[in-house]
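No experiment lies behind these values; they were computed from the predicted model shown. Within every chain, numbering begins at 1; the chains are lettered A, B, ... in the order of the sequence lines, protein sequences first and strands thereafter. Note: hydrogens, waters and symmetry copies are ignored here, and every other heavy atom, side chains too, is used.
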Amino acid sequence: MLDIKLIRSEPEAVNKALAARGKGHNIDEILALDVKRRDLIFSVEQKKSEQNSKSKLVPQWKKEGRDTAELFAEMKKLSDEIKEGDAALAEIDESLTSMLLSIPNTPNPLVPIGKDDTDNLEIRKNGTPRQFDFAPLPHWEIGKALDILDPETAAKVTGARFHFYKGLGARLERAVINFYLDFHSKKSGYTEIFPPFMVNRASMTGTGQLPKFEEDAFKLANEDYFLIPTAEVPVTNMFRDEILSADALPIKYCAYSACFRAEAGSAGRDTRGLIRQHQFNKVELVKFADPETSYDELESLTNDAAAVLEALGLPYRVVRLCSGDLGFSSAMTYDIEVYMPSYERYVEISSCSNFEDFQARRANIRFRRENGDKPQFLHTLNGSGVAVGRTVAAILENFQNADGSVTIPEALIPYMGCDKIG
RNA sequence: GGAGAGAUGGCUGAGCUGGUCUAAGGCGCACGAUUGGAAAUCGUGUGUGGGCUAAUACCCCACCGAGGGUUCGAAUCCCUCUCUCUCCGCCA
């Protein structure tokens, strides 16, 4: 959510920043409603003030034995007017809030202006895509041949876009999860969190999934709970409506969770393999930072996420998303893309974002710099550290051998108890 | 799921027979006095959001778990919901 005071004081700048996203967002309606709101507040509060002062007269007059009938009549009239004003105000507040919640974050000036992912800016590359001396198979064929991935049975048991992992495939998924959690918590200093996989509506609103993107989420039928699309939601909302002290920052959390996405609008895309599932595993990195250092924290967060790919020996590149490709809540995002031989290109495996105070304002997460200072909104950041299913896909494809077996990266051998599959 | 008890400021804790609540008292915290310095003591201050504003100054409005209602007036009465605790049931 953008700051209404910023919208009020610099409307042109805000509109210009939003225009970079290219989706026709603007704040003109909000400005008009804001004026109406403040006019109404002024008149209603004046009446309330009068009501309060008259109310104080009641016990006084009664003590003096004066007749209060006329006073009560005046107060009744005031009361009716106040009720009317409050109702009108509540209506304005509601539409103003819903408008504000539907406006995306303003991009950081460093974000390149662009239309879609073809305009993203490559920042750096690590490793070289392997030259195969045989025809490499896509991971879904490797998975089938080794009998470690089974989407057909999952389609029967549940539906499309689900997988059973079997045998060493299941163990590989679990090995990657454990490796990532150990890496981030032991080497990079993130405190490990195991969050709930369902959250309430307030949490989904706090991080920006609601109200605009309800169709992307799985919602329980018998509760107002949602299956989390990422651990970012429960972990960021741990501090909803809290005021932290400055010396607690930055707070660094890593969390494994299963992630659930309806993938509305993705019909026909990535229909085979592990790339786009309704349920997938991910280890997420979340930071709560001082606004002054949040962009340094974004750099280190991105490096921390990329470090696990380096440790596995997977080739990747880092791109800065352009304005048109930027997520709703983000001010700046680095995507980390792993090289996927079956796609013959780099495929997103992590998305690291600085939300600045956009989520913090929605979720009301604040900090106090000094004892006695006014609380201010902190900055929230998160990034995948990294997607587990896509990692398994990348391992199967990048480390496949001519005989159909797959070599296990050295870092995972202690977790697997073997050095190859097949 | 059933029965009961509860939710008040950073914490603790009164108020809960509606109007002197502008929410007592204590603890903590901040500043000051005292002191060679400290403790103890004494004094002063101590929330959040909104409106107005150059102002983080004054003034005004709102906030006693959340949302509704009754009333001229609600921390206080009524309803719904959420959470916590105790017991029972069920369950991993």
Using the P atom as the point on both nucleotides, what is the distance between B:rC11 and B:rU22, in whole Å?
23 Å
Is there a side-chain polar atom (N or O) of A:Arg38 under 4.0 Å from OP1 or OP2 of B:rC52?
yes
Starting from P on B:rG10, measure out to CZ on A:Phe367 and report it in whole angstrom.
18 Å
Can you see if the side chain of A:Arg368 gets near the phosphate of B:rC29 - specifically, an N or O under 4.0 Å from OP1 or OP2?
no
Using whole Å, what does the distance between atom P of nucleotide B:rG49 and atom CD1 of A:Ile4 come to?
17 Å
Scan every strand shown for a Watson-Crick or G-U wobble partner of B:rA23, both distances under 3.5 Å, and answer none if you come up empty.
none
How long is the line joining CG of A:Asp86 and P of B:rG50, in whole Å?
18 Å
The nucleotide from B:rG51, B:rG73, B:rU48 with an atom nearest the side chain of A:Ser55 is B:rG73
How far does the P atom of B:rG26 sit from the matching atom of B:rU46, given to the nearest Å?
15 Å
Spacing between A:Leu89 atom CG and B:rG51 atom C1', to the nearest angstrom
11 Å
Rounded to whole Å, please give me the gap between CD1 in A:Ile41 and P in B:rC63.
14 Å
In this structure, how many angstroms lie between the P atom of B:rC21 and the CD atom of A:Gln60, rounded?
14 Å
Please tell me which of A:Lys5 and A:Lys62 maps to the more 5' nucleotide of RNA chain B, matching each residue to the nucleotide holding its nearest heavy atom.
A:Lys62
Who pairs with B:rA62 - Watson-Crick or G-U, where each distance is under 3.5 Å:
B:rU48
Nucleotide B:rC83, atom P - distance to CG of A:Asp224 in whole Å
12 Å
Should B:rA74 form a Watson-Crick or G-U wobble pair with both distances under 3.5 Å, which nucleotide is its partner?
none
If we take the P atom in both B:rC27 and B:rC21, what is their distance in whole Å?
22 Å
Base, sugar-phosphate or nothing for A:Arg8? Non-hydrogen atoms, less than 4.0 Å.
sugar-phosphate
Taking the six-membered ring for Trp, are A:Phe280 and A:Phe260 closer than 6.0 Å centroid to centroid?
no
Between B:rU35 and B:rC29 - C1' atom distance, rounded Å:
22 Å
Considering only B:rG51, B:rG19, B:rA62, which nucleotide approaches the side chain of A:Phe72 most closely?
B:rG19
Measuring only the P atom in each nucleotide, how far is B:rG67 from B:rA62? A whole number of Å is fine.
15 Å
Aromatic centroids of A:Phe218 and A:His278 separated by under 6.0 Å
yes
What distance, rounded to whole Å, do you find between the two P atoms, one in B:rA54 and one in B:rC63?
28 Å
Over 60° means perpendicular and under 30° means parallel, so tell me whether A:Tyr256 and A:Phe194 are parallel, tilted or perpendicular.
tilted
Ignoring backbone atoms, test whether A:Ser79 places a side-chain nitrogen or oxygen under 4.0 Å from the OP1 or OP2 oxygen of B:rU71.
no
Taking NZ, NE, NH1 and NH2 as the nitrogens, is one of them in A:Asp150 or A:Lys144 under 4.0 Å from a carboxylate oxygen of the other?
no
If we ignore hydrogens and angles and just use 3.5 Å, is the side chain of A:Asp34 paired with the main-chain N or O of A:Ile30 as donor and acceptor?
no
Would you say the side chain of A:Glu45 and the base of B:rG50 hold a donor-acceptor pair, judged only by whether the two atoms sit under 3.5 Å apart?
yes
Hey, does A:Arg369 reach any base, or is it just sugar-phosphate, or nothing, if we go heavy atoms under 4.0 Å?
nothing
What distance, rounded to whole Å, do you find between the two P atoms, one in B:rA14 and one in B:rG68?
29 Å
Please give the nucleotide sitting opposite B:rA57 as a Watson-Crick or G-U wobble pair, both distances under 3.5 Å, or none.
none
Between the NE2 atom in A:His379 and the CG atom in A:Leu249, the distance rounded to the nearest 0.5 Å is 11.0 Å
Given B:rA62, is OP1 or OP2 found less than 4.0 Å from the side-chain N or O atoms of A:Asn52?
yes
Taking for A:Gln51 and for A:Asp373 the nucleotide of RNA chain B with the nearest heavy atom, the one nearer the 5' end belongs to A:Asp373
Is the A:Tyr316 to A:Tyr339 ring centre distance short of 6.0 Å?
no
Is B:rG32 paired to anything, Watson-Crick or G-U wobble with both distances less than 3.5 Å, and if yes, which nucleotide?
B:rC42
Check the phosphate of B:rC61 against A:Ser49, side-chain N and O only, distance under 4.0 Å to OP1 or OP2. Yes or no?
yes
Using atom P of each nucleotide, how far apart are B:rA3 and B:rU8 to the nearest Å?
25 Å
What does B:rC87 pair with, Watson-Crick or G-U, if both distances are under 3.5 Å?
B:rG2
For the pair made of CD1 in A:Ile243 and P in B:rG47, what is the distance, rounded to whole Å?
12 Å
Result of checking A:Arg390, A:Arg161, A:His163, A:Arg261 against A:Gln277 for side chain to side chain donor-acceptor pair (under 3.5 Å):
A:His163
State whether A:Lys374 places a side-chain N or O below 4.0 Å from either non-bridging phosphate oxygen (OP1 or OP2) of B:rG49.
yes
Once you apply the 3.5 Å cut-off to both distances, tell me the Watson-Crick or G-U wobble partner of B:rA92, or none.
none
For B:rU82, which nucleotide in any strand shown is its Watson-Crick or wobble partner with both distances under 3.5 Å?
B:rA7
